[in-house]
Protein chains: 2
Amino acid sequence: MTHSEENYIKAIFHLASSGIDVISTNAVAEKMETKPSSVTDMMKRLSEKGLVHYKKYQGVSLTPLGTKTALSIIRKHRLWEVFLVEKLGFAWDEVHEVAEQLEHIKSEKLIDKLDELLSFPKFDPHGDPIPGKNGELMEHDSQVLGQLPIGSVALCVGVKDSSAVFLRFLDRNSIALGNKMKILEKEEFDNSLRILIDERELHISQQIASNLYVKKIEL
Amino acid sequence: MTHSEENYIKAIFHLASSGIDVISTNAVAEKMETKPSSVTDMMKRLSEKGLVHYKKYQGVSLTPLGTKTALSIIRKHRLWEVFLVEKLGFAWDEVHEVAEQLEHIKSEKLIDKLDELLSFPKFDPHGDPIPGKNGELMEHDSQVLGQLPIGSVALCVGVKDSSAVFLRFLDRNSIALGNKMKILEKEEFDNSLRILIDERELHISQQIASNLYVKKIEL
DNA sequence: ACAAATTTTTAGCTTTGTCTAAATTATTTA
DNA sequence: TAAATAATTTAGACAAAGCTAAAAATTTGT
């Protein structure tokens, strides 16, 4: 598989996980930042290789082989992200670009050993689950911060949006994975929240609140 | 720069270091395992980019920019080799293939941090010097085992041939970098040697002896 | 239901990197 | 030194991956 093919497979997987039922050529083109005509060409190629189901004008979906391939690429991507943060001291907003390159390195042994070096992590620096060697993908049993009722206490376990801008915003406000947060108040008008993070009081917008995954702690 | 361009630059650098004065299209083609016509095409492209000096029928050589580029790629290659051996437990005959892929990853920070993680190594697992950030390349002040006079004692500091076959031969015979070796006898007829390696007596052919770099120890 | 709008595909072109076969230039040798 | 041989380059093709512009199919709106 070429780098480009792998990137398309990954994009289709992510679109499929994001709850869309039928994945259109346009959706793939937008995600890949390319033109729909290029997507059509690539879908034909991936279809020939048995990685996607593709019928003209009907949208595209991954075959079991395609899904397995996607999970293997995502596994590599996320393991490398852990490596960059844990071993090389990268910040969590700096890892994506480099991991995009590293995920294409072909060596089963490399990934197995890397996994071992990192002590078999289950989540990447953004809280996303790392697929296992055989493609088992742990499901986040978390919810979005904005949906918690007032008074609840939760642990921050992940970010939905892992763009550098958002991550740096979190850094500036000392919000990190593992933080304990309590909902103090919710503003009816704009759904913004007043929360308590590790003894510190903070006011956050609905935008922010809907991009933080949390796990409720029962008291 | 594309992967392919980088590979050509590296190949030309290695040919130049191996003492050839004029690097022919054929020589590059052989090293790259490709056809001379493909080399001609690539030399034109690299020449346009200012990486090589190229005149039809006259052979090719690296410009200062080309040399700098080559050293940067070799630096990456060798640092990754150290990583694979030191951190991931790869054997020295398994690293080349993977390092060939890793050397093309583009991130200055990645390499700087990797260098740091590895405690700024000066040599790779085969004893080859690792170029510095600014392209300084340490010169091996070593000689080939076969050239030592009888009775001399030396440390094994590198291998000239780092093919997997040769490296596995060394493994099977417990010859490793850092070993102390003493020349006991030299066979006039075939230049084979009887040597003492760390208390163990061994008979090695001239072939082998001329592929081991050693550093004499004065007694 | 049919025209308009949107989406998707096709056709044809570009670049990178490769190839083969033919032509050209250099080198060797008799 | 001239012919033979070897090395190198050119010309023309091909595959991957992208693009633009035009055509075709689907969806939408009235």
Side-chain angles (χ1 to χ4, degrees), chain A residues 1-16 18 20-62 66 69-70 73 100-101 103-106, chain B residues 1-16 18 20-62 66 69-70 73 100-101 103-106:
Chain A
M1 288 201 74
T2 66
H3 288 198
S4 194
E5 287 172 345
E6 291 190 346
N7 288 335
Y8 274 97
I9 291 293
K10 207 177 34 143
I12 295 167
F13 181 92
H14 281 134
L15 288 170
S18 77
I20 307 173
D21 51 341
V22 69
I23 296 164
S24 69
T25 302
N26 263 6
V28 177
E30 194 177 328
K31 183 133 229 176
M32 292 292 294
E33 296 182 311
T34 183
K35 301 293 166 184
S37 54
S38 306
V39 175
T40 301
D41 288 350
M42 182 56 91
M43 292 312 106
K44 286 179 184 165
R45 249 172 287 156
L46 294 178
S47 178
E48 303 241 312
K49 298 198 177 187
L51 293 157
V52 303
H53 294 299
Y54 172 68
K55 283 264 169 56
K56 283 206 235 178
Y57 299 103
Q58 305 309 146
V60 71
S61 63
L62 292 178
T69 305
I73 300 164
E100 287 283 295
Q101 298 180 62
E103 74 191 2
H104 299 297
I105 303 291
K106 273 146 195 79
Chain B
M1 286 202 73
T2 66
H3 288 198
S4 193
E5 286 172 344
E6 291 190 347
N7 288 335
Y8 274 96
I9 290 293
K10 207 176 34 143
I12 295 168
F13 182 91
H14 282 133
L15 288 169
S18 77
I20 307 173
D21 51 342
V22 69
I23 295 164
S24 69
T25 302
N26 263 7
V28 177
E30 194 177 329
K31 184 132 230 177
M32 291 292 293
E33 295 180 310
T34 184
K35 302 292 167 185
S37 54
S38 306
V39 175
T40 300
D41 288 349
M42 183 56 90
M43 292 313 105
K44 286 179 184 165
R45 250 172 286 159
L46 293 177
S47 178
E48 302 241 311
K49 298 199 177 188
L51 293 156
V52 303
H53 294 298
Y54 173 68
K55 283 264 169 59
K56 286 208 239 179
Y57 299 103
Q58 305 308 144
V60 71
S61 63
L62 292 178
T69 305
I73 301 163
E100 287 282 296
Q101 297 180 63
E103 74 190 1
H104 300 296
I105 303 291
K106 273 145 196 78

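Below, chain A is the first sequence line, B the second, and so on; all start at residue 1.
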Original post:
If you look at every heavy atom in A:Pro36 and A:Asn26, which pair is closest and at what distance?
Top reply: CG-OD1, 3.2 Å
Name each donor-acceptor pair under 3.5 Å that joins a side chain in residues 41-54 of chain A to protein atoms two or more places apart or in another chain, with its distance.
| residue | atom | partner | partner atom | Å |
| --- | --- | --- | --- | --- |
| A:Lys49 | NZ | A:Glu5 | OE1 | 3.2 |
| A:Lys49 | NZ | A:Glu5 | OE2 | 2.9 |

**OP:** Check side-chain hydrogen bond (donor to acceptor under 3.5 Å, both in side chains) between B:Glu103 and all other residues, then give those that pass, not counting sequence neighbours.
**Re:** B:Lys10, B:His77
Polar atom pairs (N or O), protein with nucleotides 22-26 of chain C, under 3.5 Å:
| residue | atom | partner | partner atom | Å |
| --- | --- | --- | --- | --- |
| C:dT25 | O4' | B:Tyr57 | OH | 3.3 |

Original post:
Do B:Thr2 and B:Tyr8 touch side chain to side chain, with heavy atoms closer than 4.5 Å?
Top reply: no
Original post:
Can you tell me how far the OG atom of B:Ser61 sits from the CZ atom of B:Phe13, to the nearest 0.5 Å?
Top reply: 13.0 Å
**OP:** Mind checking side chain to side chain contact (heavy atoms under 4.5 Å, CB included) for A:Ala16 and listing every partner two or more places apart, or none if nothing turns up?
**Re:** A:Ile23
**OP:** Would you please name every residue forming a side chain to side chain contact (heavy atoms under 4.5 Å, CB included) with B:Glu6, sequence neighbours left out?
**Re:** B:Met1, B:Ile73, B:His104, B:Lys106
**OP:** Go through residues 21-29 of chain A and report each residue with a non-hydrogen atom lying under 4.0 Å from DNA chain D, sorted by number.
**Re:** none
Original post:
Partners of B:Lys56 by side-chain hydrogen bond (donor to acceptor under 3.5 Å, both in side chains), sequence neighbours excluded?
Top reply: none
**OP:** Using heavy atoms and a sub-4.0 Å distance, could you list which residues of residues 36-46 of chain B are near DNA chain C? By number, please.
**Re:** B:Ser37, B:Ser38, B:Asp41, B:Met42, B:Arg45
Original post:
5'-most contact on DNA chain C: B:Glu33 or B:Lys49, nearest heavy atom basis?
Top reply: B:Lys49
**OP:** Would you sort out whether A:Tyr57 and A:Ser24 count as a side-chain contact (heavy atoms from CB on, under 4.5 Å), showing the intermediate values?
**Re:** CA-CA 8 Å; A:Tyr57 299 103; A:Ser24 69; over 6 Å; no
**OP:** Taking all non-hydrogen atoms of both residues into account, name the closest pair between A:Ile20 and A:Val22 and its distance.
**Re:** CG2-O, 3.2 Å
Original post:
What distance separates B:Asn7 CG from B:Ile12 CD1, expressed to the nearest 0.5 Å?
Top reply: 11.0 Å
Original post:
Between which nucleotides of DNA chain D, read 5' to 3', does contact with chain A run, using atoms under 4.0 Å from its heavy atoms?
Top reply: D:dA16 to D:dT26
**OP:** Scan for salt bridge (charged side-chain N to carboxylate O under 4.0 Å, His left out) pairs involving residues 27-36 of chain B, sequence neighbours excluded, and state none if there are none.
**Re:** none
